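Some notes on the structure that comes next.
Quantities reported herein were computed from a predicted structural model and do not represent experimental measurements.
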Amino acid sequence: GRAMQDIARLVQGGFPTRIFYTGYGGFDTHSEQNAVDGTTGLVTGQHANLMTRLDDAVAAFADDAKAMGTWDRTVIVVISEFGRRNFENGSLGTDHGHGACVLVIGGAVNGGSYGPPMTDAMLQEDELEHLVDFRDIYREILGDHLGASGLAEILPEAQQYTTTLGIV
């Protein structure tokens, strides 16, 4: 939350940078990620606590951006460097895998869920199928939102497929 607060202060102070980065660790958990409280029915555990802290930080930043009048121009990308398997392991957690989601949040974002829909058959596999390449998300934000050109030089890697998402 403090890092997001620092970014809001930089924006408010007129710092000319258009892209800011912060990290949030602690997600490399493999056990006791979630539990359901038998009394309240609420999900608790390591992962739920981490997501609550992330939600609180993003909400505070959104409030700051709205107060500054910059929310409609804001795009926040939450991405992890690793995915997870879609089955619980023997210690009530999940192990590293291919499946991951990317959260794109902000006033400049066209809300919704993007990419091909998951099927029941996909969810039964040991590894989730790769459906959207993170580089397509970056390309859209850089090109469509920030107006960057030369994206082939910025993200030159060949991809098996590309997807136009329309997220911003």
Side-chain angles (χ1 to χ4, degrees), residues 1-29 33-34 40 42-84 86 94 96-118 128 130-168:
R2 280 188 220 109
M4 297 291 285
Q5 186 177 43
D6 290 344
I7 293 170
R9 287 180 179 148
L10 290 169
V11 170
Q12 185 175 29
F15 199 78
T17 298
R18 295 180 67 198
I19 298 175
F20 295 89
Y21 170 85
T22 186
Y24 175 44
F27 283 87
D28 196 6
T29 59
Q33 287 174 325
N34 286 324
T40 64
L42 295 174
V43 177
T44 61
Q46 293 181 67
H47 191 74
N49 292 338
L50 288 164
M51 292 304 290
T52 297
R53 288 176 45 204
L54 175 65
D55 181 60
D56 292 346
V58 171
F61 181 83
D63 289 344
D64 288 344
K66 289 171 186 173
M68 290 184 286
T70 59
W71 181 247
D72 290 342
R73 300 186 319 264
T74 299
V75 174
I76 301 167
V77 179
V78 180
I79 191 167
S80 175
E81 78 276 12
F82 60 84
R84 289 289 179 180
N86 53 322
T94 54
H96 292 251
H98 300 142
C101 67
V102 175
L103 302 176
V104 183
I105 307 160
V109 175
N110 298 317
S113 180
Y114 291 87
M118 298 291 296
L128 293 173
H130 181 145
L131 300 174
V132 175
D133 194 298
F134 71 94
R135 292 169 289 195
D136 291 331
I137 297 166
Y138 289 172
R139 270 190 203 90
E140 286 198 20
I141 293 168
L142 290 170
D144 297 346
H145 180 64
L146 294 174
S149 59
L151 296 177
E153 290 80 32
I154 295 170
L155 298 163
E157 300 88 0
Q159 292 175 239
Q160 181 179 349
Y161 52 86
T162 58
T163 306
T164 300
L165 301 166
I167 54 179
V168 291

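- Residues His98 and Leu128 come closest through the heavy atom pair CB-O, 3.6 Å.
- Here Tyr138 contributes atom OH and Leu155 contributes atom CG; the two are 9.0 Å apart, rounded to the nearest 0.5 Å.
- Distance alone, capped at 3.5 Å, is enough to place a donor-acceptor pair between the Arg18 side chain and the Leu146 backbone.
- Contact between Ala100 and Gly83 at its shortest, heavy atoms only, is CB-CA, 3.8 Å.
- The heavy-atom pair separating Val75 from Ala108 by the smallest distance is CG2-CB, 3.9 Å.
- Rounding to the nearest 0.5 Å gives a distance of 12.5 Å between OH of Tyr114 and OG1 of Thr164.
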Subject >> Full working for side chain to side chain contact (heavy atoms under 4.5 Å, CB included) between Leu10 and Thr17 >> reply: CA-CA 9 Å; Leu10 290 169; Thr17 298; over 6 Å; no
Original post:
Going through the distances and angles, do Asp56 and Arg53 end up as a salt bridge (charged side-chain N to carboxylate O under 4.0 Å, His left out)?
Top reply: CA-CA 5 Å; Asp56 292 346; Arg53 288 176 45 204; over 6 Å; no
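- Tyr24 contributes no side-chain N or O that, together with a main-chain N or O of Val78, makes up a donor-acceptor pair within less than 3.5 Å.
- Closest approach of Val132 to Pro116, counting heavy atoms only: CG2-CD, 4.1 Å.
- Separation of atoms CZ (Phe15) and CD1 (Ile7) is listed at 11.0 Å; rounding is to 0.5 Å.
- Residues Ile141 and Val77 have side chains in contact (heavy-atom distance under 4.5 Å, counting atoms from C-beta outward).
- Annotation: the span from Arg135 atom CZ to Arg139 atom CZ amounts to 6.5 Å, rounded to 0.5 Å.
- With hydrogens and angles disregarded, no donor-acceptor distance shorter than 3.5 Å links the side chain of His145 to the backbone of Thr74.
- Of all non-hydrogen atoms in Arg73 and Gly69, the two that sit nearest each other are NH1-O, 3.6 Å.
- No donor-acceptor pair under 3.5 Å is formed between the side chain of Asp64 and the backbone N or O of Gln5.
- Between atom CE of residue Met51 and atom CG of residue Asn49 there is a gap of 11.5 Å, rounded to the nearest 0.5 Å.
- Taking a 6.0 Å sphere around CZ of Phe82, one finds it holds more than 12 heavy atoms contributed by other residues, nucleotides or ligands.
- Arg84 and Thr29 make their closest contact through NH2-O, 2.7 Å (heavy atoms, listed as atom of the first residue, atom of the second, distance).
- Judged purely by atom type and a 3.5 angstrom limit, Asp136 uses its side chain to pair as donor or acceptor with the backbone of Thr163.
- Here the side chain of Glu140 pairs a donor or acceptor atom with the backbone of Ile167 at under 3.5 angstrom.
- The distance from the CZ atom of Arg2 to the OG1 atom of Thr22 is 11.5 Å, given to the nearest 0.5 Å.
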Subject >> side chain to side chain contact (heavy atoms under 4.5 Å, CB included) assessment of Thr162 paired with Asp133 >> reply: CA-CA 7 Å; Thr162 58; Asp133 194 298; over 6 Å; no
